[in-house]
Engineer: 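Let me give you the structure first, and then I'll get to my questions.
Labels below follow one simple rule: chain letters A, B, ... track the order of the sequence lines, proteins then strands, and each chain is numbered from 1.
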Amino acid sequence: MNTQRVASIALMAIVTGIGCGGGRAQDAAARTEDAEQQAANVQLAETPETPVKAIRPAAASAATGGASLQGIVHWSGTAPTREKISMDADPVCQQQHAQAAYKEDVIVNNATLGNVLVYLKEGVSGSYSAPSTPVVLNQAGCMYKPHVAGIRVNQPLQIVNSDSTLHNINAKPTANRPFNVAQPVQGMKTDKTFTKPEVMVKFKCNVHPWMNAYLGVLEHPFFAVTGEDGSFTIAGVPDGTYVLEAWHEVYGAKTQNVTVSGGRVSPVEFTFSAQ
Amino acid sequence: MTWCSPPALRQAIVLRTAMLSLMAWSAFARPAFAERPAPDVAAGRAEYVRSCARCHGVEGAGDGIDAKRFYPRPRDFRLGIYKFRSTASGTAPTDEDLFRTVTHGLPGSNMPDWPHLDESIRWHLVEYLKSLAPIFQEAPAEPMAVAADPGKPHADLAKGRALYEKLGCAACHGPTGRANGSSAGGLVDDWGMPIRPANLAQGWNYRGGSDAESVMRRFLSGIDGAGMPSYAGTISPEDAWHLAYYVVSLQEPPRWNRIARATRVRGELPKAIDHPAWHQAERTDVRLRSVVTTAGEWAKAPTVTQVAFQVLYDEETLAIKLAWDDPTENTQGPADALAVVFKPAGLAGDVVTLQAWPHEGSSALDLWHWSAATKRAGETLSPNFDVITAGGQAAGIERSSAARYADGRWQVVLQRPLASPDLEGGAVLNPDELPTLAFAIWDGSHASERAVSPWIDVALRPLKPVQHAQE
């Protein structure tokens, strides 16, 4: 199996319109579906380590009108230590981590919180057709990549097994149809779609109980996932008054109202804490 | 149907389709279901309250008064998650799937079979169950397509075995199916309860049927809620049969003898596990039930569910060989352990079973015990099991033993004198009577639980026909 190809597909998906964690632009291109723009983005993201930084501001403003809603999710209190994952149960997993692997549920850096899905919960009008580019949920090193992401209603979800071990993808939505499918062979891909909005759909692997991921299914492109620096940018938000929600798997959800007027909006802040 | 030329076949299909649309309820036409009554949810509800509610709860929430005692726990019907389906993962079962479950029950679980209910009542129950979950409002799910059964003689077991490895069944079920895969211990079902993979050697414990087709349906459809994924699309329809027949070949048909027959040995009585004398000894399988020692908690997933034993003896000594599957070898801390318990003479019938023992004021029983911590056996009289759970410091008199743990299975050989002059008040086994014994087995990794058997008679002399008739 050609892992490089999977990686580049994953990269393409990151760039062309999904929320894969990392303060990156969300699918601003969704309404225009500008193929050339997408191709250009792929090239921009040549360095795999930092694809996000490379594209963030450019993609957001270039693709659409509307405001770029930027913000940061703060953490108040002592930073929780990230929990180590023991992969003893499967040597194939263990071998892929020269250093210890850590859980991705709570990522606190410099008093900011990562892996928070931020999205417009109320106030979006009009309909937005789903991009045909798939969101890729990759299983690599017995971890889900990304750990938190957004996807659009009816946008293809491609689940990839990059490991040479059995994974099963047990998705447990409540509004959408649940499934639990096996991917026993490295390189296997499974395509799924969700037909109804739902925040969040939990994914887990029964074979490797430490593996889980969350996907927010949304009817519009106005969402982002905070990166390791707690920041997010939602591009192309039209004028209007909205309820913005920040969702975290451990610390729950918080909302606030935002108003975009004349294509402008003030930066937004959320604060989470252990209580 | 040899007369079926292609056009005739096509005609038959057209006819079938017409029939199908007439029978609005049914996914496929089968004469057996032609009698299916018009849906009557109220009649289903009435029978449900009568027969099902004590386990599944009055409103179907899986919270009946008896529910906590059972593993797996009774289904919560409001969620629409069903394990034993012929349909794709995440979809509803067909009506026939539900009808089959209600009729045959789920062997190995506490879900009884209901063949004695009128067929029409069973259909009403199906309608009632469907009224409880929104998933049944969607278009009915179709059974997944499967290839024609090649028949057992044409099944390629070597290929099936390779598929078992390739598809990672072993991660949960273990290399030879004894529920001891590397991921077996950490499984949690969709209701948040710990769950164990099935021990594939125990065909009697397959809930959805142990035949090749049922097995194939399980891995193609997945067992929703239980964490076992669907393998649809990862295996060709033909290969699916090879894998299914391979899984069937892992089953070890149990011998539930009502009386265990011992064999008299001339020459040396075997002390070793692999001694050829064991080949002459009849094997008897006994089902074990778990006794959960913490009251009020949900029953846990049992790990030890069956024990096989053989008995050999000579004029003076009795030798017993036991084999039981336990997915983990625990030799320290709470260790794996075993007690062969002799029923005291004069204790009538099943008044005291090990499930209820020890109880307040219970009499002392003769415990012939072995522990994986000490790898030693002993025998003592005790009113409870404390001597064993406390680490089995060879309490009482020491007895000879041999033990081996390999691939999820313990094998233990014990010896003791027929009469036990060395143990005051110990059981005296008279070859002319039927000594009665029972087993208690501990899995060290489930310290709060023990698996116990009912009493079972052991015939040391060849049984006379008269005795059979009495049985």
Side-chain angles (χ1 to χ4, degrees), chain A residues 1 85-95 103 137 139 142 157-161 163-196 198 201-212 215 217, chain B residues 78-83 85 87-92 133-135 138-139 141 144 162-173 180-192 194-197 218-235 239 243 328:
Chain A
M1 150 69 225
I85 301 172
S86 157
M87 297 192 178
D88 295 359
D90 191 337
V92 174
C93 303
Q94 215 164 22
Q95 278 155 22
K103 280 187 151 185
L137 184 60
Q139 301 152 103
C142 302
L157 168 66
Q158 184 171 78
I159 306 164
V160 181
N161 182 1
D163 293 329
S164 57
T165 188
L166 166 72
H167 286 302
N168 73 291
I169 304 96
N170 191 350
K172 306 171 165 196
T174 49
N176 287 284
R177 172 165 291 174
F179 58 85
N180 180 6
V181 294
Q183 286 190 331
V185 180
Q186 188 172 35
M188 262 192 77
K189 294 177 188 144
T190 304
D191 294 318
K192 293 279 174 186
T193 49
F194 294 104
T195 54
K196 294 179 189 121
E198 182 167 2
V201 177
K202 184 173 179 177
F203 288 73
K204 68 173 251 182
C205 174
N206 295 81
V207 182
H208 307 107
W210 61 84
M211 286 176 70
N212 54 50
L215 225 57
V217 187
Chain B
R78 300 166 313 168
L79 304 174
I81 301 174
Y82 283 87
K83 287 184 180 176
R85 293 162 295 106
T87 57
S89 172
T91 61
I135 192 167
E138 293 170 26
M144 297 176 77
L163 286 161
Y164 182 88
E165 276 156 27
K166 179 179 159 211
L167 299 187
C169 310
C172 293
H173 291 284
N180 59 337
S182 53
S183 294
L187 294 180
V188 176
D189 71 17
D190 285 4
W191 302 280
I195 189 169
R196 303 286 320 183
R218 292 298 85 76
F219 67 74
L220 289 181
S221 297
I223 306 184
D224 285 358
M228 173 159 148
S230 155
Y231 283 86
T234 71
I235 183 171
D239 283 354
L243 174 58
T328 49

Engineer: Below 4.5 Å from any heavy atom of chain B, which atoms of A:V185 appear? Answer side chain, backbone, both or neither.
Structural biologist: side chain
Engineer: Under 4.5 Å between any side-chain heavy atoms of B:L163 and B:F219, yes or no?
Structural biologist: no
Engineer: Calculate, to the nearest 0.5 Å, the distance between atoms CG and CD1 belonging to B:L243 and B:I235 respectively.
Structural biologist: 4.5 Å
Engineer: With sequence neighbours left out, write down each residue that passes disulfide bond (SG atoms under 2.5 Å apart) with B:C172, or none if nothing qualifies.
Structural biologist: none
Engineer: Which pair of non-hydrogen atoms, one from B:A92 and one from B:I135, has the smallest distance, and what is that distance?
Structural biologist: N-CD1, 3.7 Å
Engineer: Measure across A:P173 and A:P178 and return the closest heavy-atom pair with its distance rounded to 0.1 Å.
Structural biologist: CD-CA, 3.5 Å
Engineer: Are there donor-acceptor pairs under 3.5 Å across chain A and chain B? List atom names and distances.
Structural biologist:
{"unit_1": "A:A89", "atom_1": "O", "unit_2": "B:S182", "atom_2": "OG", "d": "3.0"}
{"unit_1": "A:N170", "atom_1": "ND2", "unit_2": "B:D190", "atom_2": "OD1", "d": "3.4"}
{"unit_1": "A:K172", "atom_1": "NZ", "unit_2": "B:D190", "atom_2": "OD1", "d": "3.3"}
{"unit_1": "A:R177", "atom_1": "NH2", "unit_2": "B:E138", "atom_2": "OE1", "d": "2.3"}
{"unit_1": "A:N180", "atom_1": "N", "unit_2": "B:S89", "atom_2": "OG", "d": "2.8"}
{"unit_1": "A:N180", "atom_1": "O", "unit_2": "B:S89", "atom_2": "OG", "d": "3.4"}
{"unit_1": "A:N180", "atom_1": "O", "unit_2": "B:S230", "atom_2": "N", "d": "2.8"}
{"unit_1": "A:N180", "atom_1": "ND2", "unit_2": "B:G227", "atom_2": "O", "d": "3.1"}
{"unit_1": "A:A182", "atom_1": "N", "unit_2": "B:S230", "atom_2": "O", "d": "2.9"}
{"unit_1": "A:V207", "atom_1": "O", "unit_2": "B:S183", "atom_2": "OG", "d": "2.5"}

Engineer: Among B:G233, B:P229, B:G168, B:G90, which residue has the highest count of heavy-atom pairs closer than 4.5 Å to chain A?
Structural biologist: B:P229
Engineer: Does the SG of A:C142 lie under 2.5 Å from the SG of A:C205?
Structural biologist: no
Engineer: Would you compute the distance between atom CD1 of A:I169 and atom CZ of A:F179 and round it to the nearest 0.5 angstrom?
Structural biologist: 7.5 Å
